[in-house]
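Each remark here refers to the structure printed beneath this line.
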Amino acid sequence: MGFGKGMSLLEDLIEKAGGCAVMDGGFATQLESHGASINDPLWSALCLIKDPHLIKRVHLEYLEAGADILVTSSYQATIPGFLSRGLSFEEAETLLKKSIKLAVEARDKFWDGTRNVPGNRYNRALVAASIGSYGAYLADGSEYSGCYGPDVSLDMLKDFHRRRLRVLVEAGPDLLAFETIPNKLEAQACVELLEEENIQIPSWICFSSVDGENAPSGESFKECFDVLNKSTKVNAIGINCAPPHFIESLLCKFKELTTKAIVVYPNSGDIWDGRAKKWKVSYDCMTWFNNHSASTSNGLSSLIKQPSKCFSDDTFEVVAPRWRDLGAKVIGGCCRTTPSTIRAISKALKETS
């Protein structure tokens, strides 16, 4: 697929979606709802080995919910990670390719069944190959700190991502999604790798954020974006797996820092309590609700349906059009969001387009 054609696909999709495309939501969250056990360093990629049928099922559920873009199950799928489980190099590459194959098969099956249905409002979804950060492979939470240590260099990060990138591209996705990038160094590695490998399909690079102001490393987004803005291989920039109450201010900041399309897919705002082994609402999230319910007439705080959940599906339905109006071209969800969340986002965007 040529670069121009690939970008046209993405632009056409956004236009068909009314100016803002919908991507899917939390993948591991939905796998667990179907009984998958993924408490493992491979996380959701474990299902590529044990439960590939569940991966396709989850893809189909997000398509039915209105997703225009499917992100593959390769976020934490790496060749070193598979080798550490005793798999061969060839088996590791086969599993990477399978992550693309499962998403493409789900997309094509769904599209074949809906494109000729009268009144169909679905778009033919695009498949984005997920490329998690180095910190995701480490499975130590460093994608939320950016602290890789002094031994991790630019060349090391490029070498880490290089073969996986080649294998995924060869498998035929429509897009590339670099996710939860925590620092400028890895963003630069991704940009240089796209150039060195002469990648000819569109890509986006999304950062995480723990303070709503900077990258997890503490570097400003301006520093990080200066690297990305110079690249013709990076078509969109965004934020993923950050609390949703950060999104509005980050969108305003990002619009000042880039002319590239902006992608946002936050988590639900919940925090994992490792001791209690349960999710809980963060203090910052509750503060956001209290401030917004006091200053607006839409009563956002009343949309908290469960004491264990920060942003409910109803809240996403309220804020999604606002995020679109602030400049988001792709909106979806990350951890703890579900097909019902994506259905709410899709419904809200279609009703207000």
Side-chain angles (χ1 to χ4, degrees), residues 20-30 62 65-67 69 71 143-144 177 179-182 204 206-216 221 236-255 262-273 279-296 298-349 352:
C20 184
V22 177
M23 63 177 293
D24 58 13
F27 205 82
T29 301
Q30 194 63 8
Y62 277 117
I69 298 173
V71 179
E143 68 262 51
Y144 302 107
E179 303 187 289
T180 59
I181 301 301
W204 71 59
C206 283
F207 296 85
S208 52
S209 180
V210 294
D211 63 3
E213 296 287 337
N214 305 292
F221 281 119
I237 305 175
I239 194 85
N240 78 287
C241 213
H245 52 286
F246 290 168
I247 297 301
E248 190 166 324
S249 61
L250 285 174
L251 272 168
C252 294
K253 182 189 294 286
F254 286 9
K255 279 181 64 179
I262 299 174
V263 178
V264 296
Y265 47 118
N267 57 39
S268 67
D270 306 337
I271 293 176
W272 177 249
D273 186 330
W279 292 91
K280 63 180 182 180
V281 178
S282 72
Y283 171 79
D284 288 340
C285 192
M286 292 301 299
T287 301
W288 184 93
F289 272 107
N290 290 335
N291 289 342
H292 280 71
S293 62
S295 61
T296 65
N298 57 14
L300 285 170
S301 61
S302 67
L303 296 176
I304 304 179
K305 302 299 185 185
Q306 306 170 46
S308 64
K309 194 167 186 179
C310 181
F311 265 44
S312 68
D313 298 340
D314 289 344
T315 315
F316 274 102
E317 187 173 343
V318 170
V319 297
R322 186 182 308 171
W323 294 345
R324 177 202 57 205
D325 295 344
L326 286 171
K329 295 299 182 183
V330 178
I331 298 175
C334 205
C335 295
R336 292 274 283 173
T337 62
T338 68
S340 65
T341 311
I342 300 309
R343 185 172 290 106
I345 292 172
S346 177
K347 175 176 178 286
L349 293 179
T352 58

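The figures here come from the full heavy-atom set of this structure, side chains too, leaving out hydrogens, waters and symmetry mates.
In this structure, the side chain of Asn240 engages the main chain of Thr180 through a donor-acceptor pair within 3.5 Å. Using modelled atom types, no side-chain atom of Tyr265 and backbone atom of Val22 make a donor-acceptor pair closer than 3.5 Å.
Under the side-chain hydrogen bond (donor to acceptor under 3.5 Å, both in side chains) criterion, Ser208 pairs with no residue, sequence neighbours left out. Partners of Lys255 by salt bridge (Lys or Arg N to Asp or Glu O under 4.0 Å), not counting sequence neighbours: none found. Here Asp211 pairs with Ser209, Glu213, Asn214 under the side-chain contact (heavy atoms from CB on, under 4.5 Å) rule; sequence neighbours left out. Partners of Phe254 by ring pair (Phe, Tyr, Trp, His ring centres under 6.0 Å), not counting sequence neighbours, listed by chain and number: Phe221, Phe225. Taking the side-chain contact (heavy atoms from CB on, under 4.5 Å) definition, one finds that Thr352 meets it with Pro321, Arg324, sequence neighbours left out.
At a threshold of 4.5 Å between non-hydrogen side-chain atoms, the residues Ile247 and Val319 do not count as touching. At a threshold of 4.5 Å between non-hydrogen side-chain atoms, the residues Asn267 and Pro244 count as touching. Thr338 is listed as a side-chain neighbour of Gln30, based on a closest heavy-atom distance under 4.5 Å.
Here the straight-line distance linking atom OG of Ser346 with atom CG of Asp24 works out to 12.5 Å at 0.5 Å rounding. Taking CH2 from Trp204 and CD1 from Ile69, the interatomic distance works out to 4.5 Å, rounded to the nearest 0.5 Å.
Residue pairs meeting the ring pair (Phe, Tyr, Trp, His ring centres under 6.0 Å) criterion with at least one partner in residues 314-349, sequence neighbours excluded, are Phe311-Phe316.
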